[in-house]
**Student:** 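Handing you this structure, nothing more for now.
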Amino acid sequence: MIYNLYIFNSAGDCLYYSEWRRKKQTDMSKDEENKLVYGMLHSLKSFVARISPDTSDSFQSYQTSTYRLSMYETPSGVKFVMNTGLELSLQSAREILHSLYKEVYVEFAVKNPMLSLQSPIDSELFRDKLEAFINSKMRE
């Protein structure tokens, strides 16, 4: 079960957000929520980098009793963040995020000359391809 997806640029701006079967809504605005999520990710990455005995360790996910947050970060600093149910393994979530980057983001955002990679993604084609991609993963 995939609940929602955030795409952040390296500066922390939310480029795209979508939700599918999100069970709980917040009383804060989407902008406030985006900043809260990005700030939490930044803090967790910093924490992991400081306490890890291995310099190659990086933050990839955390899990509560009801959901898992998984993150895939590209070399350019774009972060794909997905909240899922616990039935989806961490490895499966990482594979979905990596495939999403390669098959949807690169093909329909990066290669789209009408989009700026530092601005929110406002493309019907991107949205449609993302929806089809996520729906195919939820059926697997």
Side-chain angles (χ1 to χ4, degrees):
M1 178 73 61
I2 299 172
Y3 298 128
N4 57 4
L5 170 78
Y6 301 85
I7 302 175
F8 296 101
N9 66 15
S10 59
D13 301 318
C14 187
L15 301 178
Y16 192 81
Y17 174 80
S18 191
E19 59 186 52
W20 292 274
R21 293 182 176 88
R22 183 174 178 172
K23 294 180 179 180
K24 182 179 178 184
Q25 298 297 324
T26 67
D27 58 352
M28 65 181 86
S29 71
K30 286 292 178 220
D31 190 49
E32 288 176 305
E33 181 180 328
N34 295 341
K35 289 176 183 177
L36 184 66
V37 170
Y38 188 82
M40 178 198 58
L41 293 172
H42 182 76
S43 297
L44 286 171
K45 277 185 61 175
S46 176
F47 177 74
V48 168
R50 289 178 188 202
I51 68 163
S52 175
D54 185 350
T55 58
S56 65
D57 276 352
S58 64
F59 172 75
Q60 296 180 5
S61 79
Y62 76 79
Q63 178 177 318
T64 71
S65 62
T66 57
Y67 76 96
R68 175 181 295 112
L69 179 141
S70 302
M71 181 180 79
Y72 174 76
E73 185 171 5
T74 69
S76 63
V78 176
K79 295 167 188 66
F80 294 79
V81 181
M82 184 170 65
N83 286 309
T84 65
L86 299 178
E87 70 281 353
L88 188 67
S89 72
L90 174 58
Q91 184 61 34
S92 294
R94 298 257 322 136
E95 289 170 5
I96 288 171
L97 290 171
H98 182 69
S99 295
L100 173 77
Y101 167 68
K102 286 188 336 187
E103 298 171 23
V104 180
Y105 181 76
V106 169
E107 293 300 318
F108 301 101
V110 174
K111 292 182 179 179
N112 184 340
M114 302 301 289
L115 293 179
S116 164
L117 297 181
Q118 297 305 313
S119 299
I121 300 170
D122 186 24
S123 164
E124 190 172 326
L125 179 61
F126 177 83
R127 185 173 44 254
D128 291 346
K129 295 296 183 180
L130 175 66
E131 289 294 324
F133 177 86
I134 293 296
N135 287 333
S136 74
K137 298 302 178 187
M138 285 201 269
R139 285 192 297 270
E140 292 180 356

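Values in this document were obtained by computation on a predicted structure and should not be read as measured data.
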**Student:** If you count every heavy atom of other residues, nucleotides or ligands that lies below 6.0 Å from D122 atom CG, does the total exceed 12?
**Tutor:** no
**Student:** Would you name the heavy atoms of A109 and I121 that are closest together and state the gap between them?
**Tutor:** CB-CD1, 4.2 Å
**Student:** So with a 6.0 Å cut-off around OH of Y62, is the heavy-atom count from everything else above 12?
**Tutor:** yes
**Student:** My understanding is that only residues two or more places apart in sequence, or in another chain, count here; which of them pass side-chain hydrogen bond (donor to acceptor under 3.5 Å, both in side chains) with D13?
**Tutor:** N9
**Student:** Counting only N and O atoms by type, is there a donor-acceptor contact under 3.5 Å from the side chain of E33 to the main-chain atoms of M28?
**Tutor:** no
**Student:** If only atom types and distance count, is the side chain of S46 paired as donor or acceptor with the main-chain N or O of H42 below 3.5 Å?
**Tutor:** no
**Student:** If I compare all heavy atoms of V110 with all of L117, which pair ends up nearest, and what's the gap?
**Tutor:** CA-CD2, 3.9 Å
**Student:** For A93 and S70, work out which heavy atoms get closest and say how close.
**Tutor:** CB-OG, 3.5 Å
**Student:** How far apart are the C-alpha atoms of F108 and D128, what are their side-chain angles, what is the distance that settles it, and do they pass the side-chain contact (heavy atoms from CB on, under 4.5 Å) test?
**Tutor:** CA-CA 10 Å; F108 301 101; D128 291 346; over 6 Å; no
**Student:** Can you give me the closest heavy-atom contact between L115 and S123, atom names plus distance?
**Tutor:** CD1-CB, 4.1 Å
**Student:** Just by distance, do the side chain of R68 and the backbone of S61 share a donor-acceptor pair under 3.5 Å?
**Tutor:** no
**Student:** Could you walk me through whether L88 and M1 pass the side-chain contact (heavy atoms from CB on, under 4.5 Å) test, one step at a time?
**Tutor:** CA-CA 7 Å; L88 188 67; M1 178 73 61; over 6 Å; no
**Student:** Can you list the steps and then say if M40 with L69 is a side-chain contact (heavy atoms from CB on, under 4.5 Å)?
**Tutor:** CA-CA 11 Å; M40 178 198 58; L69 179 141; 3.9 Å; yes
**Student:** Looking at S136 and F133, would you say the former's side chain and the latter's main chain have a donor-acceptor pair under 3.5 Å?
**Tutor:** yes
**Student:** Contact between V78 and Y105 at the side-chain level, heavy atoms closer than 4.5 Å - yes or no?
**Tutor:** yes
**Student:** Using 0.5 Å steps for rounding, measure from the CG atom of L125 to the CD atom of E107.
**Tutor:** 10.5 Å
**Student:** What class does the angle between the rings of Y101 and Y72 fall in, given that below 30° is parallel, 30 to 60° is tilted and above 60° is perpendicular?
**Tutor:** tilted
**Student:** What pairs meet the ring-ring contact (aromatic ring centres under 6.0 Å, His included) rule with one or both residues in residues 10-38, with sequence neighbours excluded?
**Tutor:** Y6-Y17, F8-Y38, Y16-F126
**Student:** How many angstroms lie between CD in E131 and CD in E124, if you round to the nearest 0.5 Å?
**Tutor:** 11.5 Å
**Student:** Can you tell me how far CD1 of I7 sits from SG of C14, rounded to the nearest 0.5 angstrom?
**Tutor:** 8.0 Å
**Student:** What's the separation between atom OG1 in T66 and atom CG in N83, rounded to the nearest 0.5 Å?
**Tutor:** 9.5 Å
**Student:** May I ask whether L90 and F80 are part of the same hydrophobic cluster, defined by side-chain heavy atoms of I, L, V, M, F, W, Y residues being less than 4.5 angstrom apart, directly or through others?
**Tutor:** no
**Student:** Taking L86 as the starting point, is it possible to reach L5 by hopping between hydrophobic residues whose side chains are less than 4.5 Å apart?
**Tutor:** no
**Student:** What do the steps show when you test I96 against T84 for side-chain contact (heavy atoms from CB on, under 4.5 Å), and what is the final call?
**Tutor:** CA-CA 11 Å; I96 288 171; T84 65; over 6 Å; no
**Student:** Does the pair E95/K137 count as a salt bridge with the N-to-O cut at 4.0 Å?
**Tutor:** no
**Student:** Report yes or no: does K79 contribute a side-chain atom to a donor-acceptor pair with the main-chain N or O of G77 at less than 3.5 Å?
**Tutor:** yes
**Student:** Measure the spacing between OG1 of T74 and NE2 of H98 and express it to the nearest 0.5 Å.
**Tutor:** 11.0 Å
**Student:** Over all heavy atoms of both residues, which pair between S10 and S76 is shortest? Give the atoms and the distance, please.
**Tutor:** CB-O, 3.7 Å
**Student:** Where the side chain of R94 meets the backbone of M71, is there a donor-acceptor pair that is under 3.5 Å apart?
**Tutor:** yes
**Student:** L36, V81: one ILVMFWY side-chain cluster at the under-4.5 Å cut-off?
**Tutor:** no
